[in-house]
Engineer: 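The following block contains the structure, expressed as structure tokens.
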Amino acid sequence: MMRTETPRPIFLKDYEPSAYLVDEVRLDIVLDPTATRVTARSKVRLNPAVKQRKGGPLVLDGELLELLEIKIDSKVLATKDYSVSERQLTIKSPPVKPFTLEIATTCNPEANKALSGLYLSRGIYCTQCEAQGFRRITYFLDRPDVLATYTTRIEGDPETTPVLLANGNPVERGTLDRGRRHYAVWRDPHPKPAYLFAMVAGHLGSVASTFETMSGRKVDLTIYVEPGKEDRCGWAMECLKRSMRWDEERFGREYDLDVFNIVAVSDFNMGAMENKGLNVFNDRLVLASPETATDTAFFNIDRVIAHEYFHNWTGNRITCRDWFQLCLKEGLTVFRDQLYSGDFRSPAVQRISEVRHLKAGQFPEDAGPLAHPVRPDRFIEINNFYTMTVYEKGAELCRMIHTLLGADGFRKGMDLYFERHDGEAATVEDFIACFADSSGRDFSQFMTWYEQAGTPKLTCVLDYDEKARTATLTVTQETPPTPGQARKKPLHIPMRLALLGGNGNELPLELAKGEMTGDVLEITKKKETFRFTNVPSRPVPSLLRGFSAPVNLEIDLSDADLAFLMTHDADGFNRWQATQDYATRLLVAGVAAIREGTRAPSPTAFTRALGAIVYDDRLEAAYRAQALALPSEADIARVIGSDVDPGAIHRARNALRRRVSRDLRDLLADIYARNAIRGAYAPTPEQMGKRSLRNVALSVLAASNGADDVARARKHFETAKNLTDELAGFGVLCDVRGPEREAAVARFHKRWKNDHLVIDSWFAMQAASSLPNTLATVRALLEHPLMALTNPNKARSLIGSFAANQVMFNRPDGKGYDLVADSILAIDKFNPQIAARLLTSFRSWRTLEAERRGKAEETLRRVKETSPLSRDVFEIVTRILG
Ligand code: BES
Ligand code: ZN
């Protein structure tokens, strides 16, 4: 696991097909906590597509394995016929004809705290093989373009492992040794790469249901959880069935096995994993009840269940040729889960939350030292490339294709993709070719989006000629340099737009030259001019509607224009964007004023326009809540971009919150009073919207820290009937100086100390507090008996939340950096993936003002100089330091 020599990157351009293929695998797994014995029998043959010297060596991947025996066609291999290194097993001259390879090894699930390969989580055996975990279970060609069918036999103790699960359909079960052992055999008929292999064994409760597919086949659905938690599975089951139906209706995709199983485990590096027929989930994304899960958790469960289910077609039936093509399955599947979510809540609210997420996470990645193309061309550790760029920007690229071709055109391309590549390991080129071929359009310039990193800046200038009644839109695009890519090519950018007349009406878009499809303008050059004719009066432009491309839009609008868009834009997304742009303008000016000791501009016109949105009952509550939530401190930092002072940002943002709180006081109090929900909790968009509006109102009201506001928050917290409200109250109290905070912390702990998922929020909320003693609090919580850095959810709750706390992480004395770095180095000793991920919190260090920048750099150098260091952390720290 630890680095012995400087790791070297591997390159996309060096891809070569495998010299050998495996068609069939039979796995025999005999469970034992410290020495699980795995026998893998593989049918191996030379790859006919590869010209080669017949009889070349067969090089298998393998890590942390104890090799017991190798047989070829039942004959034991002599030691001289193979060699073993830390990461490979080489069989020197295997037969030229197809042969059966049998390898027996053991691995140690109990010692596995990296949570990759086979490990034990609270007594449950489970596996995680993506991206390269299968090689920790047996020696294998662990690459996604080697597809085989799997038959898995698991044998274990019926007391501790009554449930035995693997991919595919169950074929046989039985007992051995007079009931002292038992076994189960599973067969997956669909050829798949090793990263989709999974097995689970343990003492598990379950909830079952059935689904009838579009062609009338019955599928047994089961969700397995820690015994006693079965009553928290109802929502996940509902979401699963809804996802299955949706993929049939929207994409014509039917499920293809007799069973579909989901297992929830407590120790999991990621959110969830799409193993064929046996999805494994982080339990926080399965278990839900109103008292123990927030609205956000309910929403995330729906989304992630859908996402992993959708992978059955986009990822499993059609997989990736190599790991550079990761966005082929992840970007596309995120886009599919976004479409799904958008079908069950309002499109504007859905799009706003997508774009918030993209800008908060992907834009800073693309603007800093970790920037990489949606399809990277090199990596040291593939686990470091499950990034916001691959996922979220990758999804945006699919969305742009959807925007360019329309919903029907997109569906045609997808149909062709499924038809052409089912059962194959494909590339981004294969995918794009399906849209080009089905639409007859040219996507060659569009490919640049996959190859070029960085967020393009789109500068727009609109000139109006009153005499000629024309409006001229000049668009310039520029993508800033990113690591390894100094010069950039122009991109093919779809821009949805409208020109608004005096009372907000949309003017007809007549282009003097060129064409426009509907309301989408296609930008392809570095600089372009579009002249609209018959424009009766000076229009206000509403550009990039629905955020039709992942770009930074710059257009010189006056305060009055922004207030106008906040009031009149019929595009819900852009109307919200105008509130954010106006607020951002005030906040950036506020930060400058604080640093220069001058006066900030008046926010009166802004708070008035904001009040009109927030109080407009014709708008959905969820939408009004989105408008009322000001840009975050990280959002402001990103816009400022250099010489960032997080302290000043915090003060400026608080000042604006206090102003909103003062100017809209009666209105917010009224919203708070009128949006209480009577009746039972339901995770419906309507109820969720009302709760979020009411909870944002609660928090904004408390910005002025009045005694009444604290009392309101306290009552809200103490009388809450669901976790959403309880945590909203708790969050407000965590920022209050005084006894209310201590009381709330104690009360919440007492109530939830036995629920490991709810207690994660207790850690997270305290780490997110902006009170000056937060560093000391987090230090103390590191020693809390319920804290365990070996559990990724716990590490994320405490360290991840603290690192996201802009003022506290970026303390001028550098102690925030040290706390996070020390935790990362501790975690790196057993879980490099989680350590490397936490380390990305430092990615924007160069944008900080000099003092903090110096401290951050010192800390990063200290990390880099530490030995040993995992490849994961080594790669991130090297790239971050640049
Ligand atoms: N395939 C991934 C899970 C994964 C990622 C496993 C990296 C191993 C390494 C899965 O489909 C996924 O993308 N999960 C996301 C949630 C999703 C809704 C974006 C996750 O785990 O965060
Ligand atoms: Zn995924």
Side-chain angles (χ1 to χ4, degrees), residues 114-119 126-137 142 144 192-198 236 239-240 243 247 262-265 267-286 296-320 323-342 350 353-354 357-358 361-362 374 376 379 381-396 398 792-793 796 800 831-834 836-837 840 872:
L115 314 183
S116 158
L118 176 63
Y119 64 94
C126 76
T127 57
Q128 171 55 43
C129 294
E130 187 177 4
Q132 300 180 330
F134 192 71
R135 62 186 64 184
R136 294 168 175 223
I137 298 174
D142 191 3
K192 64 168 177 285
Y195 82 85
L196 290 173
F197 169 80
C239 297
L240 174 59
S243 310
D247 214 14
I262 287 178
V263 184
V265 297
D267 301 275
F268 200 73
N269 281 346
M270 301 290 291
M273 177 64 207
E274 71 265 26
N275 316 301
K276 183 83 189 189
L278 177 56
N279 288 1
V280 176
F281 273 64
N282 188 319
D283 56 0
R284 77 181 170 83
L285 291 165
V286 171
T296 310
F298 272 87
F299 178 81
N300 287 338
I301 290 169
D302 190 19
R303 184 221 165 174
V304 181
I305 296 248
H307 176 98
E308 306 310 337
Y309 175 73
F310 297 159
H311 269 314
N312 191 55
W313 277 94
T314 51
N316 302 2
R317 293 286 292 245
I318 305 179
T319 195
C320 301
W323 290 118
F324 295 103
Q325 319 293 328
L326 184 59
C327 68
L328 179 68
K329 74 177 180 82
E330 295 302 348
L332 175 57
T333 305
V334 169
F335 179 56
R336 273 154 51 71
D337 80 57
Q338 290 177 350
L339 289 177
Y340 167 85
S341 295
Q350 172 64 20
S353 67
E354 287 160 15
H357 186 56
L358 179 81
Q362 198 276 326
V374 169
F379 61 74
E381 173 51 62
I382 183 56
N383 285 315
N384 286 332
F385 284 84
Y386 287 77
T387 60
M388 292 291 283
T389 297
V390 169
Y391 275 67
E392 308 301 321
K393 189 174 179 182
E396 292 297 319
C398 295
N793 288 356
R796 278 186 285 258
N831 192 335
Q833 265 187 60
I834 296 294
R837 180 138 322 227
T840 63
D872 310 56

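Computed from a predicted structure; not experimentally measured. Start at 1 and go down the list; that is how both ligands and their atoms are numbered.
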Engineer: Please report the closest heavy-atom contact between P792 and L115, naming both atoms and the distance.
Structural biologist: CG-CD1, 3.5 Å
Engineer: Under 4.0 Å between a Lys/Arg side-chain N and an Asp/Glu carboxylate O for E308 and R303?
Structural biologist: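 No salt bridge links E308 with R303.
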Engineer: What residues, two or more places apart in sequence or in another chain, satisfy salt bridge (charged side-chain N to carboxylate O under 4.0 Å, His left out) together with E330?
Structural biologist: none
Engineer: Ligand 1: which residues have a non-hydrogen atom closer than 4.0 Å?
Structural biologist: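 Ligand 1 is contacted, at a heavy-atom distance under 4.0 Å, by Q128, E130, M270, G271, A272, M273, E274, R303, V304, H307, E308, H311, K329, E330, Y386, Y391.
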Engineer: Taking the side chain as everything from C-beta on, heavy atoms only, tell me whether E130 gets closer than 4.5 Å to L196.
Structural biologist: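 Contact flag for E130/L196 side chains = no.
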Engineer: Is a salt bridge present between D872 and R837, judged by a nitrogen-to-oxygen distance below 4.0 Å?
Structural biologist: no
Engineer: Got a sec, which residues hit salt bridge (charged side-chain N to carboxylate O under 4.0 Å, His left out) with R796, two or more places apart in sequence or on another chain?
Structural biologist: none
Engineer: Please name the atom of H307, limited to N, O or S, that comes nearest to the Zn ion (ligand 2).
Structural biologist: NE2
Engineer: In E330, which N, O or S atom comes closest to the Zn ion (ligand 2)?
Structural biologist: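 It is OE1, the N, O or S atom of E330 closest to the Zn ion (ligand 2).
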Engineer: By ring pair (Phe, Tyr, Trp, His ring centres under 6.0 Å), which residues pair with Y386, not counting sequence neighbours?
Structural biologist: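 Expected list: none.
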